[in-house]
Amino acid sequence: MIDVRLLRSEPDAVRSALARRHQPEVLEQLDRAISFDTLSRDIVAKRDAIRAEVNDLSKEVGQRRKSGDTAGAEELQIRSRAIGEHERVLAGEFDVVQSDLRELLLRIPNVPHPDAPDGAGDVDNPVVKGPVNMPAEFAEHKRVPHWETGTALGILDNERATKISGAMFTMQRGNGAALARALCQYALDRNVDEFEEIRPPSLVTTATLTATGQLPKFADDAYSIERDDLWCIPTAEVPLTSIYSGEVIEAEQLPLKMMAYTPCYRREAGSAGRDTRGMLRAHEFDKVEILAVASPEQAPGLLVEMTGRAEALIAGLGLPYRIIEICTGDMGQSHHRSFDIEVYAPGCDNWLEVSSISWFSDYQSRRADIRYRIAGQKGTQMTHTLNGSALAVPRVWAAILENYREPDGSVTVPGVLHPYMRGVERISGR
RNA sequence: GGAACGGUGGCAGAGCGGACAAAUGCACCCGCCUUGAAAGCGGGAGGCUCACAAGGCCCGGGGGUUCGAAUCCCUCCCGUUCCGCCA
């Protein structure tokens, strides 16, 4: 949620920043929000003046009662009651305007960072690094999609996954399952130097899913358990961000760095049939997420650090990759600035998005009410949040099967994963 | 799921219809005292809204009663204990 005070003090700056997202309806919402805010301040001023009057009268009623002036007290009561009617009307109006305003603000996206590249959509995302590790050409035996290799080796069984749960569910078996788990273990071990490992709940309340920005706008993308008013998390970002919701953190505690390995659930409404072969897009997948709660000053450095960490994991696996920056027209609603890491998969002949690292400025913190206090200073400020996929399993799993496919159809396991694979260095057919 | 009891400031904990932003203790900050510190003494200090002041709001959330609610009523949430169920 963007700051209403910013809307008041610098409406033009907010407008031109949001205009870079190339979504005309956002600017309309902005105008309505500004007029709601003006109206609400107008009403609250009147309401408060009346409340002050009622408070004064009530005090006097008490005093007169005490001194025995019953008649005088009763006369004041009558007056106060009449004024109270008016107060009730104004208070009602205020509540309506406030909730309309909040509803609007929850749907207005974050302002992009000034340095975020301009663009209308994903084709405008500039490559900021790479390709790294990219061979001049790929041998024919690597030009095999992972779903063929995985099925042939008996480590991918999507046919039965579909029988069990329906379309767009996947299932890994044997060394394929081990490979998926090894990737998570690898990602956790490489970040435990700085990030606290968390095992959060994967079902969360509506308030929690609203704090990170998925609700109210993107309800169709999440699985909901209506009977208990809970939602399945689409990413560990959701529970991790809300760990400190409603709390005030001492400045010297910042940044708070956390990571979690969780399943992620996405309905993928509207994307059925698109890039859904093999492991490319599924309703349920595993991911290791890294997250930081920081001061505004710490945030830019953390964005660089966290992007570097995600990159190091991919580089460590020896996969060809590149880093792109997300342009203003392609940014997620909560994002202030964002980078993606893409891995090249020769079998699909495609760059696969395997990691996304984002800075949310105070957008999520304001929704979640996460503040910090500087010792010796009055008041509190909103924190900044950042997060990124350290490693999203399915597409990395897919890229390994394609990049490490041998002429005989087996798959070599990258060296860094050997310790987590019970010594298996090569996955061959049974 | 059932029953009982709870939810008040950083923490503990009083207040249970009228001057309560809220006693007291601990912790914290500033003085005095001291070579320095502790103890002792004196003083200060919550959050939100807000340019500031004034005003308003905040005693788990929401609603109600009342001239007036931390205090009474309803409802929801959370916690503790006991029972039931269960990995």
Side-chain angles (χ1 to χ4, degrees), chain A residues 1-11 13 33-34 36-103 105-106 199-211 215 225-231 239 242-254 256 362 365-383:
Chain A
M1 194 153 69
I2 53 179
D3 191 350
V4 234
R5 284 172 292 190
L6 206 60
L7 241 57
R8 274 171 220 156
S9 57
E10 299 169 47
I34 291 172
F36 276 148
D37 179 52
T38 310
L39 180 61
S40 121
R41 299 212 299 159
D42 199 46
I43 297 171
V44 85
K46 288 182 194 151
R47 185 202 65 182
D48 287 355
I50 291 174
R51 282 189 179 174
E53 211 174 321
V54 169
N55 287 343
D56 285 347
L57 283 173
S58 298
K59 270 181 195 167
E60 214 181 320
V61 169
Q63 273 162 6
R64 294 209 180 181
R65 278 264 148 80
K66 234 165 232 174
S67 64
D69 179 8
T70 320
E74 269 167 22
E75 193 205 312
L76 288 178
Q77 274 176 236
I78 292 165
R79 260 170 64 194
S80 180
R81 201 176 300 148
I83 297 170
E85 294 293 318
H86 194 187
E87 191 271 348
R88 217 164 297 210
V89 172
L90 286 171
E93 284 176 23
F94 175 74
D95 290 347
V96 170
V97 174
Q98 273 294 298
S99 79
D100 288 352
L101 175 60
R102 185 182 155 77
E103 200 50 41
L105 285 174
L106 284 175
R199 197 1 285 232
S202 40
L203 300 182
V204 298
T205 62
T206 298
T208 299
L209 200 63
T210 304
L215 294 179
I225 298 161
E226 287 182 23
R227 191 159 71 158
D228 297 298
D229 193 24
L230 290 170
W231 303 77
S242 282
I243 286 179
Y244 290 99
S245 69
E247 299 191 25
V248 179
I249 302 161
E250 299 301 331
E252 57 268 26
Q253 310 259 49
L254 299 176
L256 297 162
D362 59 5
S365 292
R366 183 163 293 105
R367 288 166 162 252
D369 187 25
I370 309 170
R371 289 171 292 158
Y372 73 103
R373 182 190 355 251
I374 299 170
Q377 278 189 22
K378 220 178 138 50
T380 53
Q381 298 181 58
M382 290 296 165
T383 56

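Chain A is the first sequence line, chain B the second, and so forth, proteins listed ahead of strands; every chain is numbered from 1. Side-chain atoms are counted along with the backbone in the values below, which use heavy atoms only and exclude waters and symmetry mates.
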Worksheet item: Toward the 5' end of RNA chain B, which comes first, A:K66 or A:A49, by nearest nucleotide?
Response: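 Closer to the 5' end of RNA chain B: A:K66.
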Worksheet item: 5'-most contact on RNA chain B: A:R373 or A:R64, nearest heavy atom basis?
Response: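 Between the two, 5'-proximity favours A:R64.
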Atom [atom1] of [X] to atom [atom2] of [N]: distance rounded to whole Å?
| X | N | atom1 | atom2 | result |
| --- | --- | --- | --- | --- |
| A:D56 | B:rG56 | CG | C1' | 12 Å |
| A:I83 | B:rG56 | CD1 | P | 14 Å |
| A:R51 | B:rG55 | CZ | C1' | 11 Å |
| A:E250 | B:rC28 | CD | C1' | 11 Å |

Give, for atom [atom1] of [X] and atom [atom2] of [Y], the distance between the pair rounded to the nearest 0.5 Å.
| X | Y | atom1 | atom2 | result |
| --- | --- | --- | --- | --- |
| A:Q381 | A:I370 | CD | CD1 | 14.5 Å |
| A:K46 | A:R51 | NZ | CZ | 15.0 Å |
| A:T383 | A:D362 | OG1 | CG | 8.0 Å |
| A:E74 | A:R64 | CD | CZ | 12.0 Å |
| A:T208 | A:L203 | OG1 | CG | 11.0 Å |
| A:D37 | A:L105 | CG | CG | 8.0 Å |

Nucleotide N/O to protein N/O under 3.5 Å, stretch nucleotides 84-87 of chain B:
none

Worksheet item: Between the base of B:rG55 and the side chain of A:D48, is there any donor-acceptor pair under 3.5 Å?
Response: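 Flag set: donor-acceptor pair detected.
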Closest approach of [X] and [Y], non-hydrogen atoms and distance?
| X | Y | value |
| --- | --- | --- |
| A:L215 | A:R367 | O-NH1, 3.2 Å |
| A:R65 | A:T70 | NE-CG2, 4.4 Å |
| A:S40 | A:V97 | CB-CG1, 3.5 Å |

Worksheet item: Given A:L256 and A:Y244, is the side-chain contact (heavy atoms from CB on, under 4.5 Å) satisfied, shown in steps?
Response: CA-CA 10 Å; A:L256 297 162; A:Y244 290 99; 3.7 Å; yes
Fill in: 5'-to-3' dot-bracket of RNA chain B (Watson-Crick, G-U; under 3.5 angstrom; crossing pairs as [ ]; | other strand)
((((((((.[[[..)..(.....]]].(((((.......))))).((((.....)))).[[[[[..)....]]]]])))))))....
Item to complete: For A:R81 and A:E85, run salt bridge (Lys or Arg N to Asp or Glu O under 4.0 Å): C-alpha distance rounded to whole Å, both residues' side-chain angles, the deciding distance at 0.1 Å, then the answer.
Response: CA-CA 7 Å; A:R81 201 176 300 148; A:E85 294 293 318; over 6 Å; no
Using the [atom1] atoms only, state how far [M] lies from [N], rounded to an integer number of Å.
| N | M | atom1 | answer |
| --- | --- | --- | --- |
| B:rA69 | B:rG63 | C1' | 14 Å |
| B:rA14 | B:rU71 | C1' | 13 Å |
| B:rC76 | B:rU49 | P | 32 Å |
| B:rA23 | B:rA45 | P | 12 Å |
| B:rC20 | B:rG55 | P | 16 Å |
| B:rG9 | B:rG62 | P | 16 Å |
| B:rC50 | B:rG64 | C1' | 31 Å |
| B:rG7 | B:rG15 | P | 11 Å |

Any protein N or O atoms within reach of nucleotides 74-77 of chain B? Criterion: under 3.5 Å, listing atom names and distances.
none

Below 3.5 Å between N/O atoms, which protein atoms pair up with nucleotides 48-54 of chain B? Just atom names and distances, please.
from   : atom 1 : to     : atom 2 : distance (Å)
B:rC48 : OP1    : A:T380 : OG1    : 2.7
B:rU49 : OP1    : A:R5   : NH1    : 3.2
B:rC50 : OP1    : A:R8   : NH1    : 2.0
B:rC50 : OP1    : A:R8   : NH2    : 3.3

Worksheet entry | Qualifying residues under side chain to side chain contact (heavy atoms under 4.5 Å, CB included), relative to A:R199, sequence neighbours excluded |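 Once residues adjacent in sequence are excluded, the partners of A:R199 under the side chain to side chain contact (heavy atoms under 4.5 Å, CB included) criterion are A:S202.
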Worksheet item: Can a salt bridge be assigned to the pair A:E87 and A:R47 using a cut-off of 4.0 Å between side-chain N and carboxylate O?
Response: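 A salt bridge is absent here (no side-chain N lies under 4.0 Å from a carboxylate O).
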Worksheet item: Side chain of A:T210, backbone of A:T206: donor and acceptor closer than 3.5 Å?
Response: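 Pair found, side chain donor or acceptor close to backbone of A:T206.
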Fill in: A:E226 CD: over 12 foreign heavy atoms closer than 6.0 Å
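No - once you tally the heavy atoms of other residues, nucleotides and ligands closer than 6.0 Å, there are 12 at most.
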Worksheet item: Has A:R102 got more than 12 heavy atoms of other residues, nucleotides or ligands less than 6.0 Å from its CZ?
Response: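 No, CZ of A:R102 has 12 or fewer neighbouring heavy atoms, counting only those of other groups under 6.0 Å.
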Listed pairs, N/O of protein and of nucleotides 63-69 of chain B, under 3.5 Å:
from   : atom 1 : to    : atom 2 : distance (Å)
B:rC67 : OP1    : A:R81 : NE     : 3.1
B:rC67 : OP1    : A:R81 : NH2    : 2.6
B:rC67 : O2'    : A:S58 : OG     : 3.0
B:rC67 : O2'    : A:S80 : OG     : 2.5
B:rC67 : N4     : A:R65 : NH1    : 3.4
B:rG68 : O4'    : A:S58 : OG     : 3.1

Practice prompt. Tell me, with the steps shown, if A:D369 and A:R371 meet salt bridge (Lys or Arg N to Asp or Glu O under 4.0 Å).
Written response: CA-CA 6 Å; A:D369 187 25; A:R371 289 171 292 158; 3.1 Å; yes
